[in-house]
2 protein chains.
Amino acid sequence: MVQAQTLSRNQQIVLDIIEKAKGPLKAYSILFNVQKKGINAPQQIYRALDKLIEMGKIHKIESKNAFVACRNSDCEISKATAFSICESCEMVDEISDVKLSKYLSSFNHKKGMKFKRFNLEFFGICKKCK
Amino acid sequence: MVQAQTLSRNQQIVLDIIEKAKGPLKAYSILFNVQKKGINAPQQIYRALDKLIEMGKIHKIESKNAFVACRNSDCEISKATAFSICESCEMVDEISDVKLSKYLSSFNHKKGMKFKRFNLEFFGICKKCK
DNA sequence: TTAAAAATGTTATATTATAACAAACGTTAC
DNA sequence: GTAACGTTTGTTATAATATAACATTTTTAA
């Protein structure tokens with residue numbers, strides 16, 4: 001089961017780092033950042049990441065194997081995620097667009113498969129990098 | 001530059017295996033399957049995979065680190081890809097839906113980023129697995 | 001036909017992620 | 001309180017995924 005409120009010590013440490021970061025963080029870069037706090041092994045990071053994802057506190061950017069804090073209350077436990085990714089500076093921005101979200105949530109596959117969840121990643125060059 | 005027609009020997013071997021497969025294949029499972037053909041190193045697989053992706057012959061399923069053959073002429077060199085993924089049997093189906101593709105291709109981020117490419121992955125339980 | 005580009009072969013290593021097990025902590029039911 | 005249970009932690013080891021670097025061969029195009 002997923003706790004709604006309280007985070008464990010390691011979960012809180014990992015979430016703090018991800019929330020403070022300007023961009024997506026990789027598991028091992030999180031690890032190197034928390035070694036001073038007594039976390040020494042990848043397992044400890046991955047376990048915290050897994051729980052934080054379950055809770056909807058963070059998302060994994062699949063194309064980058066990296067993690068970002070959730071900035072969007074609409075994605076309710078990561079059922080409907082969309083990101084804008086700059087191929088130059090690696091910036092990732094979570095897209096919260098109700099229309100998009102509704103459109104995709106109600107999209108049904110011709111072959112009769114009912115979807116429970118989707119993840120959408122857009123790629124381009126951001127304004128800054130242009 | 002990307003060749004339009006001809007594939008090199010290794011590229012053809014890798015593509016053949018992916019096209020014959022019923023589901024997505026992982027790089028190392030491709031490697032094990034082609035060792036009898038004289039391909040011995042991961043590099044050789046990854047190089048072929050990279051080129052095949054550039055050419056639009058295959059796609060990478062990011063959430064699975066696996067590769068499928070392109071079944072969709074509409075995705076023109078992988079600028080607009082969408083997949084339906086069964087969380088039970090791991091089946092992956094490429095979605096070719098012109099409306100969806102047009103809708104997403106013309107979607108523009110509020111923050112002024114122009115997108116060049118997108119990848120969408122839907123998850124659910126397929127008909128067979130229900 | 002020769003120079004440039006692409007592909008190959010190979011060894012080594014980097015990066016990402018999980019398995020397995022023992023110990024400590026936190027609930028909750030009694 | 002304390003026993004029983006689930007969750008979290010710590011730890012060691014290893015699996016799985018992917019790239020670096022360099023020498024050679026093949027293909028293409030000028």
- Query: Between atom CD1 in I13(A) and atom C1' in dG10(D), what is the gap in whole Å?
  - Reply: 13 Å
- Message: Main chain of R71(A), side chain of E94(A): is a donor-acceptor contact present, judged purely on distance under 3.5 Å?
- Response: yes
- Item | d(CG, L49(A); P, dT8(D)) in whole Å | 14 Å
- L52(B) and F67(B): CA distance, side-chain angles, deciding distance, side chain to side chain contact (heavy atoms under 4.5 Å, CB included) verdict: CA-CA 10 Å; L52(B) 291 169; F67(B) 304 85; over 6 Å; no
- Flag the pair H59(B) / F83(B) as yes when at least one side-chain heavy-atom distance between them is below 4.5 Å, and no otherwise. yes
- Under 4.0 Å protein heavy-atom contact, by nucleotide of nucleotides 15-22 of chain C - B base, S sugar-phosphate only: -BBBBB--
- Residues from residues 85-93 of chain B lying under 4.0 Å of DNA chain C - heavy atoms: none
- Would you say N108(A) and K114(A) make side-chain contact, with heavy atoms under 4.5 Å? yes
- Message: Between K26(A) and K64(A) (side chain of the first, backbone of the second, donor and acceptor by atom type, cut-off under 3.5 Å), is there such a pair?
- Response: yes
- Query: Is a donor on one side and an acceptor on the other found under 3.5 Å between the side chain of E121(B) and the backbone of I61(B)?
  - Reply: no
- Message: Test your reading of the model: is there a side-chain donor-acceptor pair from S29(B) to the backbone of L25(B), 3.5 Å cut-off?
- Response: no
- Would you jot down, in residue-number order, the residues of residues 31-40 of chain B having a non-hydrogen atom under 4.0 Å from DNA chain D? none
- Determine whether more than 12 heavy atoms belonging to other residues, nucleotides or ligands lie under 6.0 Å from atom NZ of K130(B). yes
- Query: Closer than 4.0 Å, any side-chain N/O of S8(B) to the OP1 or OP2 of dT26(D)?
  - Reply: no
- Item | Q11(B) CD to dA7(C) C1', straight-line distance once rounded to whole Å | 8 Å
- Item | M113(B) and D93(A), any side-chain heavy atoms less than 4.5 Å apart | no
- Is there side-chain contact between I95(B) and L120(B), with at least one heavy-atom pair below 4.5 Å? no
- Task: Please state how far atom NZ in K51(B) lies from atom C1' in dT8(C), giving the value in whole angstrom units.
- Result: 13 Å
- Using whole Å, report how far CD of Q44(A) lies from C1' of dT7(D). 15 Å
- Using a 4.5 Å cut-off on heavy atoms from C-beta on, say whether the side chain of S63(B) contacts that of N119(A). no
- Quickly work out the N10(B) CG to dT27(D) C1' distance and round it to whole Å. 14 Å
